[in-house]
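Since the structure is predicted, the reported quantities are computational estimates derived from the model, not experimental observations. In what follows, residues are counted from 1 in the order of the sequence shown.
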Amino acid sequence: MTEEKNSSPNVMTNHFEMKKLVEFIVIVAATILVWNLPSSCFGIDGLTVVQQRVIAIFVFAMLSWLTECIPSWATSLGIMTIMCVTVSKTSFACFQGDNVGTLLKAKDIMASFADPIIMLFLAGFILAIAASKSGLDTLLARNLIKPFGHKSENVLLGFLLITGLFSMFISNTATAALMLTFLTPVFAALPANGKGRIALTMSIPIAANLGGMGTPIGTPPNMIALKYLNDPEGLNLGIDFGHWMAFMFPLVIVLLLLSWRIILHFFPFTKKTIELDINGYVHKGWRMWVVVGTFILTILLWVIPKDVTGIDSNTVAMIPMGIFAVTGVINAKDMQEINWSVIWMVAGGFALGLGMNGTGLADAAIESIPFGSWSPIVILLISGLICYFLSNFISNTATAALLVPILAVVCRGMGDKLGILGGTSTILIGIAIAASTAMCLPISTPPNAIAYSTGLIKQKDMLKAGLTIGLLSLVIGYVVLYFIGISHFLG
């Protein structure tokens with residue numbers, strides 16, 4: 001009996017691995033098929049060999065990210081590798097020739113991993129590590145929660161707002177893990193059979209997901225959208241940190257207040273007061289002052305317009321990294337805590353965009369496909385719903401990496417028709433909003449998975465609250481985005 005029980009997990013593991021292997025083989029076969037189809041099958045006039053290869057690589061990326069038969073970061077690394085060896089000027093000789101089309105520079109493909117937006121993303125991770133090491137996160141949480149008193153409903157609101165605020169500048173995943181740690185002593189004071197524990201636990205992933213919308217560094221989809229909006233060779237809108245926060249920060253606050261009332265409706269407290277005591281290590285030495293000063297300086301430089309300081313958000317991102325490294329606040333071991341897999345995912349999306357634009361595929365598609373006849377409203381709604389749906393089942397970073405390059409091409413092809421929505425920025429920022437509001441399942445986001453792993457909430461609880469709050473946030477976010485768009489606030 002024991003041997004049979006022990007063999008069962010192995011059978012399941014083997015079955016899972018076999019399923020992934022079959023999926024991978026199918027994906028490779030589909031990629032090879034698209035790679036070798038007659039160019040006339042694509043309906044794009046003048047499609048070159050290199051452009052068709054990029055389409056095939058995009059198919060590989062899309063199917064791999066959707067099925068997750070290989071890790072998402074591995075898909076991105078695979079994208080960049082395939083592009084370097086097949087569509088670059090230094091690719092294998094058999095892939096080069098006079099009639100294949102415009103080849104890319106390999107260094108441009110590799111530079112996707114060192115894009116200025118990646119530096120902005122790295123700054124978010126570095127700030128989170130410094131805050132954790134110094135105890136600044138504990139100190140802030142302890143002092144920010146005090147004004148909310150001991151009334152259970154107000155404590156819930158406090159955790160929502162503090163988690164939302166933290167996740168604007170610190171990784172959503174790190175924020176969720178941190179805040180759930182602070183909740184541990186709170187649960188001891190609540191009835192085991194009451195809904196208060198569910199309410200507090202649910203507040204963390206919901207606030208972490210929504211709070212990420214508040215700043216460009218809050219979540220990867222924001223940065224992917226910003227990459228295309230600010231591309232000097234594309235839209236070149238010059239949207240900086242302050243522009244983004246000017247309309248996203250108030251939106252996040254409204255959504256968090258709405259979430260507070262919805263959570264209380266679904267999971268009311270039976271105990272009306274909570275004695276709260278947040279414990280944790282707080283560094284007393286000079287390094288704390290270095291971290292505090294650097295945080296204040298970085299946020300101020302991000303928020304103050306570039307016209308005043310002369311320095312853009314991506315360059316500002318280098319400041320905390322340089323200061324913390326030189327002063328020893330962070331060390332080589334700390335760098336291992338950075339979620340490099342997410343950064344690779346983002347870089348893979350950038351490489352896809354480079355492939356579409358650098359080979360001329362985007363321009364060819366615009367000329368051949370009548371995007372100008374499409375309805376802007378339909379594009380806005382369908383893109384948002386597709387992003388919301390996919391982000392509930394796969395990484396929202398992967399979803400944004402897939403959709404944003406495509407929509408950038410579609411929007412360029414629609415020309416002035418998007419003026420009634422405020423231009424391409426409305427469509428692309430809409431993707432960032434839709435990606436952050438998808439949170440109805442434990443697998444939807446890392447904060448959801450962390451909260452679910454506590455065992456304090458069930459999947460039906462997350463579905464009920466996450467779906468309600470997510471859909472309402474999606475609708476409100478798009479309405480706000482529409483009015484921001486038609487006012488041409490973003491250019």
Side-chain angles (χ1 to χ4, degrees), residues 117 210 212-216 218-252 254-255 349 353 356-357 362-363 365-391 396 399-438 470-491:
I117 294 292
L210 295 178
M213 294 191 295
T215 66
T219 185
N222 294 3
M223 286 176 279
I224 292 172
L226 204 61
K227 157 75 175 176
Y228 287 87
L229 292 171
N230 288 344
D231 187 354
E233 297 179 4
L235 294 172
N236 197 25
L237 293 180
I239 299 173
D240 59 23
F241 216 92
H243 277 112
W244 186 283
M245 284 193 71
F247 70 95
M248 280 295 197
F249 182 80
L251 172 62
V252 168
V254 170
L255 296 181
M356 295 177 70
N357 290 298
D363 291 331
I366 289 169
E367 292 175 5
S368 301
I369 301 173
F371 294 126
S373 63
W374 297 9
S375 167
I377 299 294
V378 171
I379 295 297
L380 179 68
L381 294 178
I382 289 180
S383 63
L385 289 173
I386 290 174
C387 180
Y388 177 81
F389 176 78
L390 289 179
S391 294
N396 58 13
T399 302
L402 281 173
L403 294 180
V404 171
I406 296 175
L407 289 169
V409 174
V410 171
C411 291
R412 280 174 58 191
M414 296 181 73
D416 296 335
K417 288 190 68 175
L418 286 175
I420 63 170
L421 297 176
T424 305
S425 58
T426 304
I427 304 290
L428 299 190
I429 295 175
I431 293 298
I433 291 175
S436 290
T437 56
L471 288 175
L472 281 174
S473 298
L474 181 66
V475 172
I476 294 170
Y478 266 64
V479 169
V480 170
L481 190 57
Y482 172 75
F483 284 107
I484 290 292
I486 62 175
S487 70
H488 299 286
F489 175 75
L490 296 175

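By the 4.5 Å heavy-atom criterion applied to side chains, Leu229 and His243 are not counted as neighbours. Counting heavy atoms from C-beta on, the side chains of Lys227 and Val404 never come closer than 4.5 Å. Put simply, the side chain of Ile433 reaches to within 4.5 Å of the side chain of Met213, judged on heavy atoms. Counting heavy atoms from C-beta outward, Ile486 and Leu421 have side chains that stay 4.5 Å or more apart. Put simply, the side chain of Thr437 does not reach to within 4.5 Å of the side chain of Tyr478, judged on heavy atoms.
Between Ile427 atom CD1 and Leu403 atom CG the span is 12.0 Å, to the nearest 0.5 Å.
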Give the C-alpha distance, both sets of side-chain angles, the deciding distance and a yes or no for side-chain contact (heavy atoms from CB on, under 4.5 Å) between Val480 and Met248.
-> CA-CA 9 Å; Val480 170; Met248 280 295 197; over 6 Å; no
Please assess Thr426 against Leu418 for the test side-chain contact (heavy atoms from CB on, under 4.5 Å), listing each intermediate value before the final yes or no.
-> CA-CA 9 Å; Thr426 304; Leu418 286 175; over 6 Å; no
Should Tyr228 and Ile431 be marked as a side-chain contact (heavy atoms from CB on, under 4.5 Å) after you check the CA-CA gap, both sets of side-chain angles, and the distance that decides it?
-> CA-CA 12 Å; Tyr228 287 87; Ile431 293 298; over 6 Å; no
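Between Gly214 and Met245, the shortest heavy-atom distance links the atoms O-CG, 3.3 Å. When all heavy atoms of Gly477 and Leu251 are compared, the pair lying nearest together is CA-CD2, 4.0 Å. Here the shortest heavy-atom pairing between Asn396 and Ala435 reads ND2-O, 3.6 Å. Nearest approach of Thr219 to Ser436, heavy atoms of both residues: CG2-OG, 3.7 Å. Of all heavy-atom pairs spanning Pro405 and Gly353, the tightest one is CB-CA, 4.3 Å. Closest of all the heavy-atom pairs between Pro216 and Leu226 is CB-CD2, 3.7 Å.
With hydrogens and angles disregarded, no donor-acceptor distance shorter than 3.5 Å links the side chain of Lys417 to the backbone of Pro376. At least one donor-acceptor pair closer than 3.5 Å links the side chain of Asn230 to the backbone N or O of Ile239. A donor-acceptor distance shorter than 3.5 angstrom exists from the side chain of Asn222 to the backbone of Thr215, with no hydrogens or angles considered.
Applying the salt bridge (Lys or Arg N to Asp or Glu O under 4.0 Å) rule to Asp231 yields no partners; only residues at least two apart in sequence or on another chain are considered.
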Donor-acceptor contacts under 3.5 Å from residues 382-391 side chains, at least two apart:
residue	atom	partner	partner atom	Å
Ser383	OG	Ile379	O	2.7
Ser383	OG	Leu380	O	3.0
Ser391	OG	Cys387	O	2.8

